[in-house]
Amino acid sequence: MKLLLIGSGGREHALAWAFSKSPRLTKLYAAPGNAGIAKVAELSDLDVSNHDAVIDFCRSKEIDLVVVGPEAPLVVGLVDDLEAAGIKAFGPSKAAAQLEGSKAFTKGVCDEADIPTAGYGRFDNAEAALAYVREKGAPIVVKADGLAAGKGVVVAMTLQEAEDAVRACFEGSFGAAGAEVVVEEFLEGEEASFFVISDGTNALPLATAQDHKRAHDGDTGPNTGGMGAYSPAPVMTDELVSEVMNRVIEPTIATLAKRGTPFKGVLYAGLMITTEGPKLIEYNTRFGDPECQVLLMRLKSDILDIILASVEGQLATTSATWRDEVALSVVMAAKGYPGSYDKGTEIRGLDQLSSDALEVFHAGTKQDGNRLLANGGRVLNVTALGATVREAQQNAYKAVSRIDWPEGFCRSDIGWRAIERKPDQ
Ligand code: AMP
Ligand code: GLY
């Protein structure tokens, strides 16, 4: 098969790496890709926001399947336009991607299907939102409704912070994404991510993972896209997985199907494991980044078999098998991330690092002759397997210590919650 992969991050490098192991693959293109993806794919500078250009590219290269990595092209309907042109594409339609594109939409699905989630109010003006915030008191969570690159959520510990967040949204801090605001009850517990792939009717559970969203050790510092991840997440017991399937995932898939907008693609549930059981914090409609990297290191099945089964409605007869080992990924970022940072600094020492139990996925890199340069905030994902979380952690950090990149930094405690939970693991 000839494939076109859309995206340029560590998630897409992990996908490209997994595709390149599949006997189904004959040729892989990536747009725009990065220096790591270029090792297994031909890069194209195609403008992916121009859907006609993507369609022309697919026709001229005889692409059999397009896989969309990030959320932005899904939310604007790239998959709908490809399908209308007769080109197979993996990922949800514009209507189904509203599960990520609008927090109020997801709350509506939760109401309709009685899915456990934080109590909330939704508002289209500051006055009403402020009144609600004052009535409920802090701590409380204020969210811009639309896509805000992970920046539209304020977990307010004081009333003042909550009021400021409401005002910032309606004053346009998040552009159109903040025209509507969801104010939510503050949930306490441990967070976990759970991934399934759906074909519109069936949901195939993938695996659990835990991300580390804060920039610095001990879960301090500003929120980021994710500084590291590991899979499986021990907080998600088999019992919790089946409860989440029954009470969260399956009702969501059934509700979207009933509405005539079936969900096909990866559904990523962000969960809070509270004393009252698991509650849905949010949905994403694509693989997490860096969660995808750890999931794919553990996946024994051919990812293309699973993706094709989703596209063709065949998931009921498809299964996924996983390595027993733990996978853990450490994100190396440019100093200053998630604030401002330099691009173009040189990275050395990657050549001898990859092995069966270790992959260094590129997240933001660019090749300049024989020099590898940093080209983004999150730059490398050093991803290792191990018999236990501790062993995977040691393997990943051993590799990190061999990478020569003075302008980069990483957290030194990825996996700490799992290790604290079971110190012998
Ligand atoms: P979201 O973009 O909705 O995932 O929110 C980003 C982060 O904010 C989550 O990963 C949580 O850490 C936190 N968060 C979101 N909603 C809540 C909530 N209702 N209670 C507590 N923390 C929350
Ligand atoms: N790691 C969080 C995300 O992909 O949204």
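This structure is a prediction, so every number in the text was calculated from the model and none was measured. Residue indices begin at 1 and follow the sequence shown. Just follow the structure's listing: the first ligand is 1, and inside any ligand the first atom is 1. All values below come from the heavy atoms of this structure, side chains included, with hydrogens, waters and symmetry mates left out.
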For F186, atoms of ligand 1 separated by under 4.0 Å from a heavy atom: 20 (N), 21 (C)
Pick from E100, E282, E185, E184: the one approaching atom 2 (O) of ligand 1 most closely through a non-hydrogen atom: E282
Which pairs of nitrogen or oxygen atoms, taken one from ligand 2 and one from the protein, are under 3.5 angstrom apart?
{"residue": "ligand 2", "atom": "1 (N)", "partner": "D211", "partner atom": "OD2", "Å": "2.8"}
{"residue": "ligand 2", "atom": "1 (N)", "partner": "G225", "partner atom": "O", "Å": "2.9"}
{"residue": "ligand 2", "atom": "1 (N)", "partner": "D289", "partner atom": "O", "Å": "2.9"}
{"residue": "ligand 2", "atom": "1 (N)", "partner": "E291", "partner atom": "OE1", "Å": "2.9"}
{"residue": "ligand 2", "atom": "1 (N)", "partner": "E291", "partner atom": "OE2", "Å": "3.4"}
{"residue": "ligand 2", "atom": "4 (O)", "partner": "R286", "partner atom": "NH1", "Å": "2.9"}
{"residue": "ligand 2", "atom": "4 (O)", "partner": "D289", "partner atom": "N", "Å": "2.9"}
{"residue": "ligand 2", "atom": "5 (O)", "partner": "R286", "partner atom": "NH1", "Å": "3.3"}
{"residue": "ligand 2", "atom": "5 (O)", "partner": "R286", "partner atom": "NH2", "Å": "3.1"}

Ligand-residue contact atoms, ligand 1 with K213, heavy atoms, under 4.0 Å: 10 (O)
Heavy-atom neighbours of K398 NZ exceed 12 at 6.0 Å: no
Over-ring placement of R286 relative to F263, 6.0 Å and 45° cut-offs: no
Structural part of V155 in contact with ligand 1, heavy atom criterion under 4.0 angstrom: side chain
By side-chain hydrogen bond (donor to acceptor under 3.5 Å, both in side chains) - contacts of S20 (at least two apart): none
Plane angle bin for F195 and Y268 - parallel if under 30°, tilted between 30 and 60°, otherwise perpendicular: tilted
Listing, residues 72-83 side-chain donor-acceptor contacts under 3.5 Å, not counting sequence neighbours, or none:
{"residue": "D80", "atom": "OD1", "partner": "K94", "partner atom": "N", "Å": "2.8"}
{"residue": "D80", "atom": "OD2", "partner": "K94", "partner atom": "N", "Å": "3.4"}
{"residue": "D81", "atom": "OD2", "partner": "H51", "partner atom": "ND1", "Å": "2.7"}

Heavy atoms of other groups near R247 CZ, more than 12 under 6.0 Å: no
Residues which pass side-chain hydrogen bond (donor to acceptor under 3.5 Å, both in side chains) with E184, listed by chain and number, not counting sequence neighbours: K107, K143
Pick from I140, V153, V183: the one approaching atom 8 (O) of ligand 1 most closely through a non-hydrogen atom: V153
Atom indices of ligand 1, in the order listed, that fall short of 4.0 Å to a heavy atom of K103: 2 (O), 3 (O)
Other residues, nucleotides, ligands: >12 heavy atoms within 6.0 Å of K88 NZ: no
Heavy-atom nearest neighbour of atom 15 (C) of ligand 1 within options R214, K143, E191: K143
Heavy atoms from other residues, nucleotides or ligands near CG of N246 exceed 12 (cutoff 6.0 Å): yes
